[in-house]
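Here's the structure we're looking at; comments come further down.
First the proteins, then the strands, lettered A, B, ... as listed; each starts at 1.
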Amino acid sequence: MSKLKKYVEECRDQKNTELEIIDKGVTNILEIPGLLELGHLTRLTLSHNKIPSVPPTITNLYSLETLNLFNNHIKELPTTLSSMTKLRILNVGMNKLSSLPRGFGACPVLEVLDVTYNNLNENGLPANFFQLDSLRALYIGDNDFEILPPEIGKLKNLMILVLRDNDLIALPREIGDLPRLRELHVQGNRLTVLPPELGNLDLVGSKQAFRGENNPWVAPIADQFQIGVSHVFEYIRTDTYKFLYGRHLAADAAPPPKTNDKSKKISRMG
Amino acid sequence: MASTHPATLRLQSLNEKTASDLFQRRRHHHDPHEDGDHHNILDISVVKQNDDSSTMSFSGAVCRRCTEPFGPTEQIVNSVGEVWHTRCFVCAQCFQPFPDGVFYEFEGRKYCEHDFHVLFAPCCGKCGEFVVGRVIKAMNNSWHPDCFRCEICIGPLADSGFVKNAGRALCRECNAIEKAKGLGKYVCHKCHAVIEEGHIKYKGEAYHPYHFNCTTCGVELNADAREVNQELYCLRCHDKMGIPICGACRRPIEERVVHALGKAWHVEHFVCAKCEKPFFGTRHYEKKGLAYCEIHYHQLFGNICFVCNNVIAGDVFHAFNKAWCVSHFACSVCDRKMSQRWLVGKGTIQRQIA
């Protein structure tokens, strides 16, 4: 424990604005003496520890811009998080979250949210989640989403959207309302068709990325994937495809079964 | 103007339609083709006449005025077939003989010059004298033809007609100029006529272009002509003189010139191809024949740091279609700065764990 105290004192005395306590077996943030008094701190990294929860007093770190809690045991985040007025980057990947706190969407300047590898689904999002219109990057890969809420179209600044390895059965048409999107990862889901509105976006090129492997695509889309991503986009812009998409929705077939076995996920254990 | 007609002296009843030698009264009829500013000019010409006094005796004749007969040796005044006693041949107003035998007749009565003027002749609105002969009736006043002049150029208006402009009587030319000034049109400094379209400026004054010829090739100028060092040139010659042409507006650059992208530009026309804000001498970036400001160059062509969202100055790390600045190229899991060895994992970068 004296080691942790030393890090904090060193940081305070040298007026360091960044503090890293990585893989030190920390089990409680409140056990790090003096940590929540470092009001000048702009970056705090506590990845690879054993932290089970974040105290509401985390807001004492009022200068914090980057908070990294990757690979801990966190099951819940405090509702006070949304009052951190400078927080731009939040990484709570590889934890045990099944929901985000109420009012989380009120975070005023959040730009990058990484909740990769948790137990989240569409029911675990707070009602105001899609008010996060400052969001540039949203990483929700390796979670349990079956439905992506259509309100995703409100996140007008979104450039990166990672949905890989969820249980998604469809993408909403509103995904075409994200004009700045440059990266879309939907691999490893249960998707069969793409909304034609996706064709509004420019996801083909050296500055863009679109990944769609490991989905039970309908045959015409799978064929286009064989020859290249640019062909997929050309195809979904055609009237033929729009007709086919409409028919597919009307048929309302049962979604493909889940294929991913998640029982061995670390986020499920303990 | 006085004229004498001793042989044909006779009286006529005054009638507007009668063109009498002795007494004429002319009206200028309103011309419907003139515009509303024009006014009737009522012009009365009175011709003075001399009487013809004769000593002939008329037997049985009586005086036109007193109807008495004449004495055998009495002097008789004979005027246009009528005869008077000398004492009866007097002014109808002052009963005095006519000085020098000059009288004026109006509505059957004869008047000496003085009384005729007093009774009937108008006063000139300019000099205040009686107007004898032709009278110009205009602007609610009477004028000698020679006194009725344009208030700007003082040219005579009596025969050319006039235009009323803000209570002033002006000639047509001056009125057009005044009107043009009101409408913001230029008036040629040389011919003083209104420039209907396409003036050129020369030494600060406006001119019709056709008053000048190109200093170099001598062609008659049009409105595209340019003035350089107080000389006028047609556009062709001007463009050949080595004055740079702005790559944006295609007009010559007479002030500061920016040279970029192999062209010359007005300072305010050399702008970012994305935000169209002028660089005003700040750094710009060129790509594919277009210039960009720092922000938009990097936004369009990539080098914005994914973490700080700022333009990357200095070295750039590229991975996954993204870029990082040196200080932010860190492990996405533990935030430690990357050393030589790093790994790619599902769209993130991670330190290689030894």
Side-chain angles (χ1 to χ4, degrees), chain A residues 18-24 42-49 65-72 88-89 91-95 109 111-112 114 116-117 134-137 139 141-142 157 159-165 180-188 203-211 213, chain B residues 272-275 285-288 290 292-312 315-354:
Chain A
E18 306 192 338
L19 176 61
E20 294 170 358
I21 303 176
I22 299 166
D23 197 13
K24 300 292 179 220
T42 61
R43 177 164 72 81
L44 176 61
T45 302
L46 297 169
S47 49
H48 305 300
N49 283 296
E65 292 177 21
T66 306
L67 178 58
N68 190 337
L69 295 162
F70 187 86
N71 190 14
N72 277 282
R88 295 196 304 115
I89 299 176
N91 187 344
V92 283
M94 204 177 259
N95 276 286
V109 294
E111 292 177 20
V112 179
D114 191 337
T116 306
Y117 208 95
S134 55
L135 219 52
R136 283 193 285 128
Y139 295 90
D142 272 318
N157 284 307
M159 294 164 76
I160 298 170
L161 178 57
V162 179
L163 302 166
R164 62 167 179 84
D165 298 307
R180 299 192 174 188
L181 205 66
R182 302 191 323 198
E183 267 191 52
L184 179 61
H185 301 249
V186 293
Q187 61 271 50
L203 293 174
V204 179
S206 64
K207 301 286 175 198
Q208 292 90 347
F210 176 75
R211 304 282 299 274
E213 309 89 273
Chain B
C272 169
K274 175 83 177 160
C275 65
Y285 293 77
E286 297 181 3
K287 177 116 179 173
K288 287 184 184 168
L290 295 172
Y292 298 89
C293 65
E294 193 172 22
I295 291 271
H296 288 117
Y297 176 78
H298 288 105
Q299 214 170 67
L300 291 167
F301 306 111
N303 296 338
I304 298 249
C305 173
F306 173 69
V307 173
C308 60
N309 208 22
N310 290 327
V311 173
I312 303 170
D315 287 342
V316 181
F317 286 95
H318 287 284
F320 313 109
N321 319 315
K322 289 193 270 285
W324 285 264
C325 52
V326 177
S327 55
H328 288 133
F329 190 59
C331 172
S332 65
V333 168
C334 68
D335 290 337
R336 282 182 184 137
K337 297 280 183 314
M338 291 294 177
S339 62
Q340 293 298 313
R341 290 145 63 110
W342 49 278
L343 289 174
V344 171
K346 289 191 176 174
T348 58
I349 41 174
Q350 293 172 9
R351 282 171 65 235
Q352 185 173 359
I353 298 162

| said: Looking at B/D335 and A/N68, would you say the former's side chain and the latter's main chain have a donor-acceptor pair under 3.5 Å? | reply: no

| said: What's the separation between atom CD in A/E183 and atom NZ in B/K322, rounded to the nearest 0.5 Å? | reply: 3.5 Å

| query | Hey, which of A/V112, A/I160, A/L69 has the most heavy atom pairs under 4.5 Å with chain B? | reply | A/I160

| field | Side-chain heavy-atom pair B/V333, A/N71 within 4.5 angstrom cut-off | value | no

| remark: Across all chains, not counting sequence neighbours, the side-chain hydrogen bond (donor to acceptor under 3.5 Å, both in side chains) partners of A/T116 are A/D114

| field | Toward chain B, the part of A/E111 with a non-hydrogen atom under 4.5 Å | value | side chain

| query | Any idea which heavy atoms bring A/S47 and B/C334 closest together, and the distance? | reply | OG-CA, 3.2 Å

| message | Please enumerate all residues that pass side-chain hydrogen bond (donor to acceptor under 3.5 Å, both in side chains) together with A/N91, with sequence neighbours excluded. | response | none

| said: Can you confirm whether A/I22 is buried at CD1, in the sense that more than 12 heavy atoms of other residues, nucleotides or ligands lie under 6.0 Å from that atom? | reply: yes

| said: Within this structure, what is the OG-OH distance for the pair B/S332 and A/Y139, rounded to the nearest 0.5 Å? | reply: 7.5 Å

| Nearest heavy-atom pair of A/R88 and B/C308: which atoms, and what distance? | NH2-CA, 3.8 Å

| field | Check: A/R136 side chain, B/F306 main-chain N or O, donor-acceptor pair, under 3.5 Å | value | yes

| Is any side-chain heavy atom of A/T45 closer than 4.5 Å to a side-chain heavy atom of B/R336? | no

